[in-house]
Each structure stands twice: as structure tokens, then as C-alpha cells.
Amino acid sequence: MKNCSISMKISAAIITLATTFATPSYAEAYPEHAVEFIVPWSPGGGSDTLMRLIANNAEPFLGVKMPIINMPGAGGTVGLRETSRRDADGYTISQIHEGLLVATETGITDIAWDDFEPVALMTSSPQYLVIGINENYSNFEEFVSFAKSHPGKITMGVTLAGVPHLHAAMIEQAFGLQFKYVGYEGTGQRVRALVGGNLDAAIGDVSSSKQFVDNGDLIFLAVGSLERMDETPDVPTLTELGQNLELNVTRGIVVPKGTPIDVRKTLEVAFEKLSKDPDYIKQTNNAGANVGFRGQEEYKTYLRTLQKTVTSLSAVLAP
């Protein structure tokens with residue numbers, strides 16, 4: 001009887017081991033069907049365009065389709081709130097950028113970036129400090145000197161309580177300046193006002209401003225990238241100018257809180273492979289952005305650091 005009992009225990013152990021190795025883990029099975037991509041912005045905008053490029057190119061690296069679902073409204077928070085309510089199973093992803101952190105800190109929304117699991121930062125659109133042609137300054141050093149000696153005189157075009165406002169306030173804080181803010185809904189409006197002489201300076205980007213710089217109507221004083229941009233090799237970075245500032249509109253992928261780490265890793269690996277695909281890179285560049293992949297931990301570090309900056313400026317940014 002004793003030998004029989006031992007034999008039964010051995011058999012049970014063998015069956016358990018066989019079942020363990022024969023049954024794939026959740027991560028090995030994931031994804032089994034399409035992953036829905038909730039884009040919390042309207043079709044045709046910058047975020048929608050760049051996220052569609054991700055969705056359209058992701059299948060060879062993830063193995064399933066990634067249909068886009070646009071859910072605009074309330075500064076992107078309608079779609080993000082819906083995402084937060086979805087099952088944390090990896091079959092719903094969404095997108096955030098710096099605007100969410102500003103909206104959170106200024107009380108526009110109670111949704112925060114850490115209500116989600118950041119998976120991968122995918123694109124970066126470096127922002128520039130742009131000025132009109134004038135007699136008071138023609139480079140960054142002269143701009144800072146004039147601004148310090150004339151507090152509140154320089155009119156700065158931004159989207160009030162938006163990312164451009166954040167970026168201008170970061171420059172103010174870092175260099176000890178004071179601007180007079182003028183609000184515009186979009187970058188195009190700000191740049192046109194700058195060209196028309198209705199502003200002294202603005203926050204812009206290559207796609208909206210470079211043609212006017214090339215024509216001699218505007219000047220790029222500085223760029224918020226870590227290194228000089230290929231499109232504007234003569235424009236210094238703010239780091240070169242004395243302050244380690246990143247002025248970017250970055251767009252990253254998030255999933256509902258509690259999504260398993262193995263699932264997040266599968267998504268992260270797929271997006272990293274996508275970020276190295278030449279066709280995807282070319283399409284993103286043609287859309288006016290750069291591919292700037294950062295994985296889960298690096299992306300979280302970026303968001304934590306940015307949150308501290310936004311918090312320190314919340315009183316300035318409040319609508």
C-alpha cells in the first residue's frame with residue numbers, strides 16, 4: 001500500500017508538471033484579438049494623425065490589428081475616462097501628452113497620468129521660442145536681457161492653460177523673466193499673429209513656423225530638444241543656453257491601471273520594434289514629429305519629472 005501511495009503521488013506530480021508546461025501563460029497567449037486604441041481627440045488633429053500611424057503600422061510587430069476609436073471632448077479627458085473604465089486586460093490602449101498634466105494640476109480634470117499604466121512614449125515634437133523681427137533683440141541672450149530689464153513688456157502668444165503656456169512659463173521660471181500672456185486657440189493663430197506684428201514672441205514648432213523663418217519674417221531663438229534639430233542646425237538648445245529644459249509635445253501609450261506587467265511588456269516590445277521601422281519613422285517625420293521611443297520606466301521618469309515642474313507652475317497656468 002505504501003508503494004502504491006508513493007506511485008500515485010509521483011503520477012500526480014508528473015501530471016501537474018505536464019499541465020504547467022503545456023498550458024501557455026497569459027503573456028504567451030496575448031494578444032488573441034484586436035487591441036482597441038482610444039484616441040481622445042477628434043479625427044484629423046496632430047494626435048489623431050500620429051496615433052493612426054502607430055495603429056496602421058503596429059500589426060506586424062504585435063500580431064493583431066489596432067482599430068482607432070476617436071472619443072474627443074473636454075480636452076481629451078472623455079476618451080481617457082472611458083479608457084480608465086475598461087478591463088485591464090491589454091485590449092484597450094490610449095494616448096496622453098503634456099496637456100493632461102496641465103489639466104490635472106490646474107483643476108480642469110481629476111484624471112491624472114498615474115491613473116493609468118504608461119507603456120511607451122512614441123513621438124516627440126520639439127517646441128521653439130519664436131520671435132518676430134524687431135530692433136530690441138535678435139538672439140536669445142539679447143531677448144533675455146531685454147525681458148529682464150522690461151518685466152511684463154514682451155507679449156507671449158500661448159494657449160492659456162495649455163502646453164504652450166506651460167512651455168513659456170518654464171522659460172520664465174528658468175531664466176527669471178516675466179511675460180505678458182496673450183491666448184490663442186491654436187499654433188497657427190499664434191504664428192500668424194506673430195508674423196502680423198501683434199505679438200513679440202510665441203511658442204511654435206517646425207511645421208507651423210519654419211516657412212516664415214526661412215522667409216525672414218520670424219526668428220527661431222531656441223529649441224526645447226536635448227540636441228540641435230537637423231531641420232534647424234543653427235538654432236541652439238535651451239540646454240546649451242544654460243538651462244536643462246525639455247519643451248516637447250510628447251505622445252505616449254497608456255493602458256488601464258492594473259494591466260498585467262507581462263501584457264505591458266508585450267506591448268512595450270512591440271512598440272519599440274515599431275519605433276525602429278524605417279517606413280514608420282519616415283511617415284512620422286512627414287507628419288511633423290520625431291520618433292522618440294522611451295520604455296515603461298523611462299517614460300514614467302519623464303512624467304514624474306514633468307509633473308514636479310507643472311506643479312511648481314500651477315498658479316501661473318491656472319485659467
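We use all heavy atoms of the structure for the numbers below, so side chains are in, but hydrogens, waters and symmetry mates are not. Remember, it's a predicted structure, so these values are computed and weren't measured experimentally.
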Kindly indicate whether the side chain of Phe61, heavy atoms from C-beta on, has any atom under 4.5 Å from the side chain of Val269. no

Using the side chain to side chain contact (heavy atoms under 4.5 Å, CB included) definition, which of the options Leu62, Ile68, Val64 pairs with Met66? Leu62

Expected output: side-chain Glu172 to main-chain Phe179 donor-acceptor under 3.5 Å: yes

Please round to the nearest 0.5 Å and tell me the distance separating atom CE of Met170 and atom CD of Gln243. 10.5 Å

For residues Thr301 and Arg304, determine if any side-chain heavy atom of one lies less than 4.5 Å from a side-chain heavy atom of the other. yes

Side-chain contact test, heavy atoms from C-beta onward, threshold under 4.5 Å: evaluate it for Lys148 versus Val144 and give yes or no. yes

Who passes side-chain contact (heavy atoms from CB on, under 4.5 Å) against Ile219, sequence neighbours left out? Ile131, Ile133, Leu221

Residue pairs passing the side chain to side chain donor-acceptor pair (under 3.5 Å) test where at least one lies in residues 272-288, sequence neighbours excluded: Asn57-Gln283

Could you go step by step and tell me if Trp113 and His97 meet the ring-ring contact (aromatic ring centres under 6.0 Å, His included) rule? CA-CA 9 Å; Trp113 71 266; His97 62 43; over 10 Å; no

Are Leu313 and Gln173 close enough that some pair of their side-chain heavy atoms sits under 4.5 Å apart? yes

Hits for side-chain contact (heavy atoms from CB on, under 4.5 Å) against Ala318, two or more places apart or cross-chain, chain-then-number order -> none

So that I know where these two stand, are Phe293 and Tyr299 an aromatic pair - ring centroids less than 6.0 Å apart? no

Could you walk me through whether Tyr137 and Asp200 pass side chain to side chain contact (heavy atoms under 4.5 Å, CB included), step by step? CA-CA 10 Å; Tyr137 40 79; Asp200 297 316; 3.6 Å; yes

Would you mind telling me which of Ile203, Thr159, Thr106, Val316 makes a side chain to side chain contact (heavy atoms under 4.5 Å, CB included) with His165? Val316

Heavy-atom side-chain proximity of Tyr30 to Asp262 below 4.5 angstrom: no

Return the set of residues passing side-chain contact (heavy atoms from CB on, under 4.5 Å) with Thr92 (not counting sequence neighbours), or none when no residue passes. Ile38, Thr83, Arg86

Check Phe143 against Ala201 and note the closest heavy-atom contact, atom names and distance. CE1-CB, 4.2 Å

Sort and list the pairs that fulfil salt bridge (charged side-chain N to carboxylate O under 4.0 Å, His left out) and have at least one residue in residues 108-120, not counting sequence neighbours. Arg81-Asp110, Glu117-Arg264

For Val182, the other hydrophobic cluster members (4.5 Å side-chain criterion, sorted by chain and number) are Tyr128, Val130, Tyr184, Val191, Leu194, Val195, Leu199, Val206, Phe212, Val213, Leu218, Phe220, Val223, Met229, Val235

Does any non-hydrogen side-chain atom of Glu246 lie less than 4.5 Å from one of Tyr302? yes

For residues Pro256 and Phe116, determine if any side-chain heavy atom of one lies less than 4.5 Å from a side-chain heavy atom of the other. no

